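Predicted, not measured: the structure shown is a model, and the values here were computed from it. We count ligands from 1, going down the list as the structure has it; atoms in each ligand are counted the same way. In this chain, numbering begins with 1 at the start of the sequence shown.
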Amino acid sequence: MRTEETGHAVVVGAGVAGMLTAHVLGQRFSRVTVVERDACPDGPPAFRAGVPQSRHVHVLWSRGLTALEHLLPGVVADLEAAGGTVIEAPAHMRWLSAADWFSGVRGSHYLSISRERLEATLRGRILARPTITLTDRHEVTGLVAGRSAGRVGGVRLRERGKGGQESTARAGLVVVAAGRGSRSGQWLSELGYRAPVTERIDAHLGYASRYYRRPPAGAHRWKAVYVQGNPDVPRGGVLVPVDGERWLVTLIGQGDQQPPVEADAWLAFAASLRSPELAQALTGTEPLSDPVAFRATANEWTHFERAERWPSGLLVVGDALCRFNPVYGHGMTVAALQAQTIARRISSQEPEGAAARAAELQKAVAKCLRAAWAIATGEDSRYPSTDGPAPNRLDRMQQRYLARVLAAANTDPVVSEAFFAVLSLNRRPETLLTPRIMARVSRRR
Ligand SMILES: Cc1cc2nc3c(=O)[nH]c(=O)nc-3n(C[C@H](O)[C@H](O)[C@H](O)COP(=O)(O)OP(=O)(O)OC[C@H]3O[C@@H](n4cnc5c(N)ncnc54)[C@H](O)[C@@H]3O)c2cc1C
């Protein structure tokens, strides 16, 4: 690896956040290196250990799709051609909300595709640019101080496998997009900075998912099924189509209601949801994999943006910055919004200027996640078993109001449209408090 740093950016992690950030940095930096711990071979998409969540349902809400299309024109058509399905929600679905079934109302839309296929498509597009390279099978082990005080000047990395050769990559900007297990707080401490505080709200949600062979088109009138849990029955399940003519089915449980991974028990769990429709859809359908579990689903926001002292040349994005309870499906959309924000902020800057303004950039990317954080933590703190600060009176009032919004959204097309605009991150949560929506919600009552 070359060592001159001017105009060189290093991105740690080749997940969705890392690849999209590399893409936008590639528009200003003369060279971008993405360092990834896993092997990312060309060819058909494959599971990799660094993204264990890829075996569970991943939907990309409309706001994320719009952002993706803006960053990489034509990519949505590529994703559909690769087997992805755009689904109108709730119109193309059977969706039992925490209140009731959605009935023929309009909402928003999302893309359903396997996470592996999504990543492979993004990698193919982004690495086609000669200035962006992927150094896979290399693990970043820490940050390197810059040549002057108050700067990060690169990363230390170790080749994976036998020998594990160590090296240094010097760079003007390091972006950490290393996901849920990121050690960026510790890396900062090693450079003499105070480790930031992590806010944590854990609803103790567990996932267990498996693939099925998708029945031929026309076998069902719906494209997807979602049976949500509620505080009385904290068990749910979601079935979506993914590439390879498959269904991906994720069962979800909270607290002591975790979905099991033994095949028979998993099916029994599916049959125990608030509606039998999801389990009925699986009857006579061929499973293609055994169930696998995912349990680390807490909302965790590491507040890098609040640091009193922040080095230039360092940025933390994606799950390395904030992890959401995945049930709301917001992480990838937030990653795309952060990439758009970085693109906007550095569009008129030289690489040196972008690196020098890292503290401002860090604050700007943190803003992108506020709405998703408010939705996830507001909902999660409704459950008594959730760990985290107890909701105050105002929170409880908001939760009661939102429960009524949801009930109204089941049948009222105006409230439904407003509700899904918020859920898909197209509009801010406050837009549910306009007089028009409030009047319709109270009329429904
Ligand atoms: C079960 C589950 C379901 C989800 N469902 C949805 C959904 O429906 N919709 C949605 O929008 N979001 C969903 N998410 C969130 C989504 O997965 C993430 O928000 C999104 O992938 C952005 O993650 P990222 O790129 O920051 O990290 P990741 O995707 O986790 O990627 C991090 C990458 O960094 C690499 N890495 C880590 N450490 C190092 C290191 N030291 N050196 C080099 N490389 C390293 C890893 O190998 C990995 O490739 C879900 C999450 C979970 C857990």
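Between Glu300 and Arg200 there is a salt bridge, since at least one side-chain N of the basic residue sits less than 4.0 Å from a carboxylate O of the acidic one.
Between Phe294 and His56, the two ring planes are perpendicular [angle over 60°; tilted spans 30° to 60°].
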| Under the side chain to side chain contact (heavy atoms under 4.5 Å, CB included) criterion, do Met332 and Leu68 qualify, and how do the steps go? | CA-CA 10 Å; Met332 298 190 297; Leu68 213 58; over 6 Å; no
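Listed by chain and residue number, nothing satisfies the side chain to side chain contact (heavy atoms under 4.5 Å, CB included) test with Thr66 (two or more places apart in sequence, or in another chain).
Outside the 6.0 Å centre-distance limit, the rings of Trp95 and Trp101 are not counted as a close aromatic pair.
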Does ligand 1 have any N/O pairs with the protein under 3.5 Å, and how far apart?
unit_1	atom_1	unit_2	atom_2	d
ligand 1	5 (N)	Val57	O	3.2
ligand 1	8 (O)	Val57	O	3.4
ligand 1	8 (O)	Val59	N	2.8
ligand 1	9 (N)	Val59	O	2.8
ligand 1	11 (O)	Gly329	O	3.3
ligand 1	11 (O)	Gly331	N	3.3
ligand 1	11 (O)	Met332	N	2.7
ligand 1	12 (N)	Gly331	N	3.4
ligand 1	12 (N)	Met332	N	3.4
ligand 1	14 (N)	His58	NE2	3.4
ligand 1	17 (O)	Gln53	NE2	3.1
ligand 1	17 (O)	His58	NE2	2.8
ligand 1	17 (O)	Arg115	NH1	3.1
ligand 1	19 (O)	Asp319	OD1	2.6
ligand 1	19 (O)	Asp319	OD2	3.3
ligand 1	21 (O)	Arg115	NH1	2.4
ligand 1	21 (O)	Arg115	NH2	3.2
ligand 1	25 (O)	Val16	N	3.2
ligand 1	25 (O)	Ala17	N	2.9
ligand 1	26 (O)	Asp319	N	2.8
ligand 1	29 (O)	Arg115	NH2	2.7
ligand 1	30 (O)	Gln53	NE2	3.3
ligand 1	41 (N)	Val140	O	3.0
ligand 1	42 (N)	Val140	N	2.9
ligand 1	44 (N)	Arg37	N	3.2
ligand 1	47 (O)	Glu36	OE2	2.6
ligand 1	49 (O)	Glu36	OE1	2.6
ligand 1	49 (O)	Glu36	OE2	3.2
ligand 1	49 (O)	Arg48	NH1	2.7
ligand 1	49 (O)	Arg48	NH2	3.0

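Counting heavy atoms of neighbouring residues, nucleotides and ligands inside a 6.0 Å radius, atom NE2 of His70 does not exceed 12 of them.
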